[in-house]
Amino acid sequence: MTLKLRIAIIGQSNFASDVLEIFLERSNIEIVGVFTIPDKGNREDILATTAKAHQIPVFKFASWRRKGIAIPEVLEQYASVGANLNVLPYCSQFIPMEVIDGAALGSICYHPSILPRHRGASAISWTLIEGDEVAGFSIFWADDGLDTGPLLLTRQTNLEPTDTLDTIYKRFLYPEGVKAMGVAVDLVAKGEAYKITQTEVGATYDPAMFKIENQVINLGQTAVRIWNFIRGLDSVPGAIATVVLNTGDEVVEEQVRLFGAHLYSAGPVSNAQPLRLKGLSKPALVHEGGLLIEGTDGAFVNVRRLKRGSKVIAASDWFKQANQEPIKDFTEDELSKKHALASIWQAILKDSIEPSTDFFAAGAGSMDVVRLVEEVKETFDVPLENEHVFMAPVFEEFFDQLVRILRQGSSSTGGNRKQVPFKGFLLNANKREIQVPTQLFVNGEFVDAEGGRTLDIINPTDEKILAKVACASAADVDKAVQAAHKAFYGAWKQVSARQRGQLMLKLADLMEQHKEELATIESVDSGAVYTLALKTHIGMSIDAWRYFAGWCDKIQGNTIPVNPARPNNVLTFTRKEPIGVCGLVTPWNYPLMMLSWKMAACIAAGNTCLIKPAQTCPLTALKFAELAVLAGFPPGVINVLPGKGSDAGQAVADHHLVRKLGFTGSTPIGKHIMKSCADSNLKKCSLELGGKSPLIIFADCDLDKAVKHGMSSVFFNKGENCIAAGRLFIEDRVHDEFVRRVVKDLRSMTIGDPLNRSTAHGPQNHKAHYDKLIEFCQRGVEEGATLVYGGGPVPNLKGYFFTPTVFTNVEDDMFIAQEESFGPIMIISKFNASDVDSVMHRANRTEYGLASGVFTKDISKALSFADRIEAGTVFVNVYNKTDVAAPFGGFKQSGYGKDLGQEALNEYLKTKCVTIEY
Ligand code: NAP
């Protein structure tokens, strides 16, 4: 038979409230009254609120006794509800025996330890402090002692090395405790509840940890005992240690609380700074991962967080003086968010919110932290952790922190980030005034290079020095790599894949807003014709960021049907993971576009990076860095280091923390770099190298189109185009006509200032390259090729202007037929269509294999060409038609690995294979 229970709940907090809710699910239970603590300010205990919602009478007593004697009015009110069972789920008050014995069936009480061990108010803490192997709880019959009554039931769980006071409570003591209270009352109702007398063997009564003197850690113990003490008080109230600071004339002591401890066995730490703690014979060490404390046994405990005053900081930041300046330039949107945030705080704290309101001082507990974090995440779409509340418990600071996270681009409406200061120069060009940074961009800041080294940046149009730009050394590269490494394992990991995509989109939008500025800089710095710079150099850069932004949250692995290990099953799946810190080294022909092709894929895959742009034209990369800050990329994710290849570039290839090198440049340097990648740390590398791309024009083509595309295949971007057609094979029947038309068009080509909208051909990128082209043509003439047009500098023009050039009658073994010019030089040979095999053979007789092209109206010829040509890119009846979605990269000595398209992502990912037997 089941008894009808008339229960009085005496207690408080979420735990008691949840116990009440599960009792309400039982038809044999009537909750006749709830007895709880008085309101704190306007804040009512949740048990009272829940009871009222179910129309249960609520009584709030400040105390049940006066001078040790039960208060008669209180007893009277208790008696008025007529309970036959008292349930004390979590009760901080002293309940008189008149009440304990006042219900016919008695009083049952929840206690968070396996009694008789750890009697007293701080049982959970002591379970950890004493290094118990199991934790648990007891439900016992209250008597006149302290946690001494007979046991009704106990439950236990193994303690994990990662457990803290918070985790055991949340994962076991709370949820299982609530359920067990239901089981206990069911046993009572059925008359089956045990009453097992507690033994005194193994009984302890432990000191209360709410007394501040008991919270002070004894550091003269083994590492395990130090660790257990810290986690036993984590996160409330936190173990207290005293830092001893020697300020020169005086010794100052500062109390701190320690959180996030673990035993440390990762070996020596680098760049550590000593910090004296009272009671510790050797100084503790502040390092990148926290604060290392050595126990008396020589083993170490690492502490990740410290509470100074009301603020929790990363222990690694102890010596960082530069406390962040509070934000002053809130946008209207941000200020409206402040109201919404205040409403959330108000709903939780049930009190008006001032800028100085301290979440915890206002009475919030750990469940309130969870609620705050969830509500803020939901309302503002930001990644927030409980830690953020502990780190900024005061409203004003919390709001400041929220805005910083929002400005890092988490939500679609994220505000604008503040511009970082930089030294630069004012570029007055194209009817614009453009501020251009001239410093290295490392860890989110513009900084001078070590020793103030600089590079002269020359305008190829007038040969004048445009600016002096910082020139990175190997030491500067190391700083950037360390920052990228820290960001990869820190701030960048906190940014979800979708948020990463949003940041990239925001950056692309900023590039679009500044595209005229970027194109102007590119034009002045690299000699690119402005209209082309706008459309291709910058346009395709923006496209690349948008295209790869879309990939961020679509990077997926596979599930793979492997052989099961009978009788068990096996599940195998792959994960695609970012590689880590990536080094990018790029050439000068499309400065921003080469950066974007590589970096957009690298960042989309979740890596952090540093780029060494070509020394001759790094300006758009630096302007880009400024925009990356505005977009909200966390410091260290993107670093830009202008410098010399032999120095900074080599340091990137050699660095042990760089795990992938994305390189675009010449074949000889590519080979050298590959060796460095192997010798240093066997880093993965992808190489986009030189080319000598063949273009075959059959007589059956659309000749107008063939001439137009044939010209752009060579002269596009002044021939400084890696896929430029390095050799044209023209069928003998149209050869002369083709040459005639090309020369005619060249005669009317406008050459001059690249910023002029009518200009079709600007100066070559830099002097060494320009000189190399002059030499290249001299070599062609010497070897007996026919120079039909050009062959040298544009007469009467200052700057590196080189006349577009045409050679015919070029033999296969001539230097100009074999080597890449990387300039506006068309190399033409004839062929006879009766022997297509021969021309295919000649087209493939090169160590390069970057691109190729064919013009014919015969689909069979075109497809046969596409089958047989040894090149990574094939154009049919078109040339230079690249797209950010199409993979781009060469064969043979043109390198390997792709830029662009989905394949480029794989260059910046590694595959992990996971196998599970079940
Ligand atoms: P490069 O001389 O090979 O230089 C490329 C980059 O590598 C530059 O940033 C250069 O720094 C750096 N570098 C030089 N030595 C280095 C070293 N020891 N370690 C690390 N980095 C080093 O090529 P480039 O003359 O700038 O560019 C032209 C070449 O790039 C052509 O061959 C062209 O075909 C090729 N390219 C290929 C593609 C493609 O996708 N396949 C695209 C564009 C260009 P400095 O600035 O100090 O020289």
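Note that the coordinates shown come from a computational prediction; the quantities given were computed from them, not determined experimentally. If you read the sequence from its start, that first residue is 1, and numbering goes on from there. Whatever order the structure lists ligands and atoms in, that order sets their numbers, starting from 1.
Close approach of ligand 1 to Phe888 is summarised as follows: ligand atoms under 4.0 Å from at least one heavy atom of the residue are 40 (O). Of all atoms in ligand 1, listed by their number and element, those nearer than 4.0 Å to a heavy atom of Val585 are 6 (C), 7 (O), 9 (O), 12 (C), 21 (N). Numbered from 1 in the order shown, with element, the atoms of ligand 1 that lie under 4.0 Å from a heavy atom of Lys644 read 47 (O). Short contacts between ligand 1 and Leu689, defined as distances under 4.0 Å to a heavy atom of the residue, involve ligand atoms 34 (O), 37 (C), 38 (C), 39 (C), 41 (N). Residue Leu850 has at least one heavy-atom neighbour below 4.0 Å for each of these atoms of ligand 1: 41 (N). Against a heavy-atom cut-off of under 4.0 Å, Gly649 is close to the following atoms of ligand 1: 19 (N), 20 (C), 21 (N). Taking a cut-off of under 4.0 Å to the non-hydrogen atoms of Glu820, the atoms of ligand 1 that pass are 31 (C), 32 (O), 33 (C), 34 (O). Atom numbering of ligand 1 starts at 1 in the shown order; those under 4.0 Å from a heavy atom of Ala614 are 9 (O), 46 (O).
Remark: among candidates Ser821, Pro587, Pro668, the nearest residue to atom 27 (O) of ligand 1 is Pro587, based on non-hydrogen atoms. Counting heavy atoms only, Thr664 comes closest to atom 5 (C) of ligand 1 of the residues Thr664, Asp647, Asn765, Asp899. Of the options Gly690, Gly691, Gly665, Pro591, the smallest heavy-atom separation from atom 35 (C) of ligand 1 is shown by Gly665. Proximity annotation for atom 11 (O) of ligand 1: of Gln615, His672, His769, Lys612, Lys612 comes nearest, heavy atoms only. When the heavy-atom distances from atom 14 (C) of ligand 1 to Cys617, Pro613, Gly645 are ranked, the shortest goes to Gly645.
Under 3.5 Å, the side chains of Asp476 and Ser473 contain a donor-acceptor pair of N or O atoms.
Classified by interplanar angle (parallel below 30°, tilted 30° to 60°, perpendicular above 60°), the ring pair Tyr547/Trp551 is perpendicular. In this structure, Trp545 and Phe633 have perpendicular ring planes: the angle between them is above 60°, well past the 30° mark. Between Trp588 and His769, the ring-plane angle classifies as tilted under the 30° and 60° cut-offs. Aromatic ring pairs are classed by plane angle as parallel below 30°, tilted from 30° to 60° and perpendicular above 60°; the pair Phe855 and His709 is tilted. Note: Phe441 and Phe446 have tilted aromatic rings, judged against thresholds of 30 and 60 degrees for the angle between ring planes.
Considering all non-hydrogen atoms of both residues, Ser852 and Ser693 come closest at N-CB, 4.2 Å.
When only interatomic distances are considered, the shortest N/O to N/O separation between Thr667 and ligand 1 does not fall below 3.5 Å. Polar contact with ligand 1: present for Trp588 (N/O pair, distance under 3.5 Å). Distances between N or O atoms of Gln650 and those of ligand 1 include at least one value under 3.5 Å. Residue Phe822 places no N or O, backbone or side chain, under 3.5 Å from any N or O of ligand 1. Looking at ligand 1, you'll find an N or O of Ser666 within less than 3.5 Å of one of its N or O atoms.
Ion pairing between Asp647 and Arg453 holds under the 4.0 Å rule for side-chain N and carboxylate O.
When only non-hydrogen protein atoms are considered, atom 43 (C) of ligand 1 lies nearest to Asn589 ND2, 3.3 Å. Among protein heavy atoms, the minimum distance from atom 9 (O) of ligand 1 is reached at Thr586 O, 2.7 Å. Protein heavy atom nearest atom 36 (N) of ligand 1, with residue, atom name and distance: Cys722 CB, 3.5 Å.
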- prompt: Given the rule in the salt bridge (charged side-chain N to carboxylate O under 4.0 Å, His left out) test, do Lys772 and Glu819 qualify, once you have shown the distances and angles that lead to the verdict?
  reply: CA-CA 12 Å; Lys772 202 186 94 182; Glu819 293 301 323; over 6 Å; no
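Counting only distance, with no hydrogens or angles, the side chain of Asn639 and the backbone of Cys609 share a donor-acceptor pair below 3.5 Å. With Ser680 contributing its side chain and Ala653 its backbone, the two residues share a donor-acceptor pair below 3.5 Å. In this structure, Ser713 contributes its side chain and Gly710 its backbone to a donor-acceptor pair below 3.5 Å.
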Side-chain atoms of residues 657-665: list all donor-acceptor pairs with protein atoms under 3.5 Å, sequence neighbours left out, distances to 0.1 Å.
| from | atom 1 | to | atom 2 | distance (Å) |
| --- | --- | --- | --- | --- |
| Lys660 | NZ | Ser686 | OG | 2.7 |
| Lys660 | NZ | Glu907 | O | 3.1 |
| Thr664 | OG1 | Lys598 | NZ | 3.0 |

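Using 4.0 Å as the threshold, Phe663 has a heavy atom nearer than that to some atom of ligand 1.
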